[in-house]
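A short worksheet on the structure shown next.
From a predicted model like this one, the values you see are computed outputs, not experimental measurements. All values below come from the heavy atoms of this structure, side chains included, with hydrogens, waters and symmetry mates left out. Every number for a ligand or one of its atoms is a count from 1 in the order of the listing. This chain uses plain numbering: 1 for the first residue, then up along the sequence.
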Amino acid sequence: MDGNRQIVINELPNGPLREDNFRLIEGTIPQPRAGEVLCRNILVSLDPVNRIWLEPGPAYRTEHPGMTLDDAGDGAPAEGGPGLDPAVSRRAQPLRDIRKVLRPGDVMDAFTLSEVVDSNRTDLPEGLVVACVAGWQEYAAVPAAWARPIDVRASLTHHIGVLGISGLTAYFGLRHVARPQAGETVVVSSAAGAVGTIVGQLAKLVGARVVGLTRSDAKNRLLERELGFDAAVNYRSPTFAQDVATACPDGVDVFYDNVGGSVLATMLEAMNDHGRVTCCGVVSQYDGTPAVGLANVPLVLCVKRLRVEGMTVTDFVDLWPQAEREMAEWIAAGRLKALEEVTEGLETAPRGLIGLLAGENIGKRTVRVGPDPLATPAP
Ligand SMILES: NC(=O)c1ccc[n+]([C@@H]2O[C@H](COP(=O)([O-])OP(=O)(O)OC[C@H]3O[C@@H](n4cnc5c(N)ncnc54)[C@H](OP(=O)(O)O)[C@@H]3O)[C@@H](O)[C@H]2O)c1
């Protein structure tokens, strides 16, 4: 081990994210403090929420039992602070609810899959693969209580995607919040993305008619051809509302929304009475675009008696292992496909995140930062 390549924030974006908001530096490998382990990053997850973390001021500031907001400064318990109950915090990882406020000079934060390379007398053995929030860098000192051991049952790219935050979000937002029934029509926005591709396939597994929304006809044809979507509609078409009506001849029972804004406004009008809307994310307003008000709310909710429910995947943290097992079985049986885009090298992260926010990705986008410790060497 020698240096620690890191991507730090050059300046916070003031509008759409740019590559010069970041810079690559050669840092040093940190010494883990008491209660921390040293992690070597293997895969870095690129997520729309990374862009929210770059907004000034805290995002996702809620308190966990055993931890105060003051503890959240640098991702580690404050000196002399109460620290974390490992059971509570490990369950809540890796989507840490208490976020540090990112400032210029900080390493960009990100979910990662990492290998413990110095256990530092904690209960996490060296060689263990953990999910944590170790950022855009090669090595990080991470509180052991905030590293979630991975029960490796598939490729690590699956564990950071379909069996990680993205797939679990799709699983719980659809199956526990929207609860579609066989024969119902489910529409999902950002349908070709990491969450959307899984939502659509899980809805097909319960016997629903599934319609995807994306900005691209090429993505839409791929959803129909590769993932079994019944139809897919381009939300940028001037005939969007009509196209939804054509694709959903029995109306829409469930809308799984990842984007908000004008797409959500149009979809509320397309809902059947007593329809359910899962509000999973609002990617249309993450990258410097102001929020759009919904002129048809609350009237359309009253008239159609809609149930609109927000969710975060951490609400279901106790159920993650069971969902992970179930989805791994569906993948092994060929019933669930994981579309993945993995780029090589830490330096590809800024461009990858910008492209994700611009709709370039199909499926889960990750960056390989270091070798997979479990890979069998080529003969
Ligand atoms: N609630 C939770 O716990 C939780 C957890 C994880 C993720 N999420 C949310 O789930 C959503 C999807 O995340 P993901 O990781 O799967 O990302 P993703 O869908 O793989 O990637 C982002 C996609 O957003 C779409 N998009 C970008 N700008 C848009 C705009 N102005 N209007 C409409 N669509 C736009 C683009 O596809 P197209 O434009 O082609 O559709 C782009 O490919 C995000 O909102 C994210 O914050 C929520």
Side-chain angles (χ1 to χ4, degrees), residues 16-17 44-53 55 59-60 62 92 94-97 99 110-111 131 133 160-162 164-174 176-178 187-202 211-223 229 232-237 240 255-267 277-292 309-317 319-320 323 338-341 352-366:
L17 195 62
V44 164
S45 176
L46 297 181
D47 297 275
V49 74
N50 298 154
R51 177 63 183 83
I52 303 182
W53 298 345
E55 287 299 302
Y60 291 115
T62 54
L95 192 60
R96 196 166 75 210
D97 276 348
R99 302 226 46 84
F111 302 124
V133 188
I160 204 167
V162 60
I165 295 290
S166 316
L168 293 167
T169 301
Y171 182 101
F172 292 107
L174 186 78
H176 287 241
V177 179
V187 177
V188 54
S189 57
S190 202
V195 174
T197 49
I198 306 303
V199 168
Q201 294 179 82
L202 296 182
V211 176
L213 310 180
T214 78
R215 71 180 63 198
S216 137
D217 295 340
K219 283 186 186 179
N220 287 348
R221 298 300 79 80
L222 180 135
L223 294 176
F229 281 53
V233 169
N234 190 325
Y235 66 82
R236 288 193 164 172
S237 160
F240 173 45
F255 178 44
Y256 189 109
D257 188 29
N258 288 313
V259 310
S262 59
V263 170
L264 173 59
T266 302
M267 288 307 305
V277 178
T278 297
C279 288
C280 174
V282 195
V283 68
S284 69
Q285 63 192 50
Y286 292 170
D287 198 21
T289 311
V292 177
E309 191 171 335
M311 62 85 62
T312 63
V313 67
T314 42
D315 295 345
F316 304 95
V317 82
L319 302 174
W320 286 9
L339 303 185
E340 296 170 346
E341 295 179 347
L353 180 58
I354 291 165
L356 180 89
L357 294 163
E360 290 169 8
N361 64 303
I362 294 180
K364 178 70 196 175
R365 203 168 249 206
T366 51

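Residue contact check: Leu357 has heavy atoms under 4.0 Å from atoms 27 (C), 28 (N) of ligand 1. Taking a cut-off of under 4.0 Å to the non-hydrogen atoms of Val313, the atoms of ligand 1 that pass are 2 (C), 3 (O). Within the listing of ligand 1, atoms 45 (O) sit less than 4.0 angstrom from a heavy atom of Val282. Here is the list of ligand 1 atoms found below 4.0 Å of a heavy atom in Tyr286: 45 (O), 46 (C), 47 (O). Each of the atoms 1 (N), 2 (C) of ligand 1 lies under 4.0 Å from some heavy atom of Met311. Each of the atoms 37 (O), 38 (P), 40 (O), 43 (O) of ligand 1 lies under 4.0 Å from some heavy atom of Lys219.
Checked by atom type, the side-chain pair Thr312/Thr314 shows a donor-acceptor distance below 3.5 Å.
With a 4.0 Å cut-off on non-hydrogen atoms, Lys364 does not touch ligand 1 at all. At a heavy-atom cutoff of 4.0 Å, ligand 1 is contacted by the side chain of Thr169 but not by its backbone. In Asp287, neither the side chain nor the backbone holds a heavy atom less than 4.0 Å from any atom of ligand 1. Counting heavy atoms closer than 4.0 Å to ligand 1, residue Thr312 contributes atoms from both its backbone and its side chain.
Residue Tyr235 holds the heavy atom nearest to atom 32 (N) of ligand 1 of all those in Tyr235, Phe172, Phe111. Between atom 44 (C) of ligand 1 and the options Asn234, Asn258, Ile165, the minimum heavy-atom separation is to Asn258. Closest heavy-atom approach to atom 36 (C) of ligand 1 within the set Gly173, Gly359, Ala192, Gly310: this belongs to Gly359.
Here the CG atom belonging to Leu264 is positioned 6.0 Å from the SG atom belonging to Cys279, to the nearest 0.5 angstrom.
Residue contacts with ligand 1: Val263 is excluded, as none of its non-hydrogen atoms falls under 4.0 Å. In this structure, Pro48 counts as a contact residue of ligand 1, since one of its heavy atoms falls inside 4.0 Å of the ligand. Within the structure, ligand 1 has Cys280 among the residues with a heavy atom less than 4.0 angstrom away.
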Exercise for the section: Dump the intermediate steps for side-chain contact (heavy atoms from CB on, under 4.5 Å) on Trp320 and Ile165, then the final yes or no. Expected result: CA-CA 9 Å; Trp320 286 9; Ile165 295 290; 3.9 Å; yes
Exercise for the section: Test Met267 against Asp257 for side-chain contact (heavy atoms from CB on, under 4.5 Å), laying out the working first. Expected result: CA-CA 9 Å; Met267 288 307 305; Asp257 188 29; over 6 Å; no
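No side-chain heavy atom of Glu340 sits less than 4.5 Å from a side-chain heavy atom of Thr366. The closest side-chain heavy-atom distance from Asn50 to Leu17 is not below 4.5 Å.
Below 3.5 Å of separation, one finds no N or O of Glu360 facing any N or O of ligand 1. Residue Ala194 places at least one N or O, backbone or side chain, under 3.5 Å from an N or O of ligand 1. Checking only distances, Asn361 does come within under 3.5 Å of ligand 1, N or O to N or O. Residue contacts with ligand 1: Thr214 is placed with no nitrogen or oxygen under 3.5 Å of a nitrogen or oxygen of the ligand (distance criterion only). Residue contacts with ligand 1: Val195 is placed with a nitrogen or oxygen under 3.5 Å of a nitrogen or oxygen of the ligand (distance criterion only).
Ser166 places no side-chain N or O within donor-acceptor distance of the main-chain N or O of Val195, the cut-off being under 3.5 Å. With hydrogens and angles ignored, the 3.5 Å screen pairs no side-chain donor or acceptor of Arg51 with any backbone N or O of Pro16. Listed for the Ser284 side chain is a donor-acceptor partner under 3.5 Å among the backbone atoms of Val259.
Ala192 and Lys219 get closest at one heavy-atom pair: CB-CD, 3.7 Å.
Taking the salt bridge (charged side-chain N to carboxylate O under 4.0 Å, His left out) definition, one finds that Arg236 meets it with nothing, sequence neighbours left out. Remark: Phe240 pairs with no residue by the ring-ring contact (aromatic ring centres under 6.0 Å, His included) rule, at least two apart or across chains.
In this pair, Phe172 and Phe316 present their aromatic rings parallel. The plane angle is below 30°, not in the 30 to 60° band.
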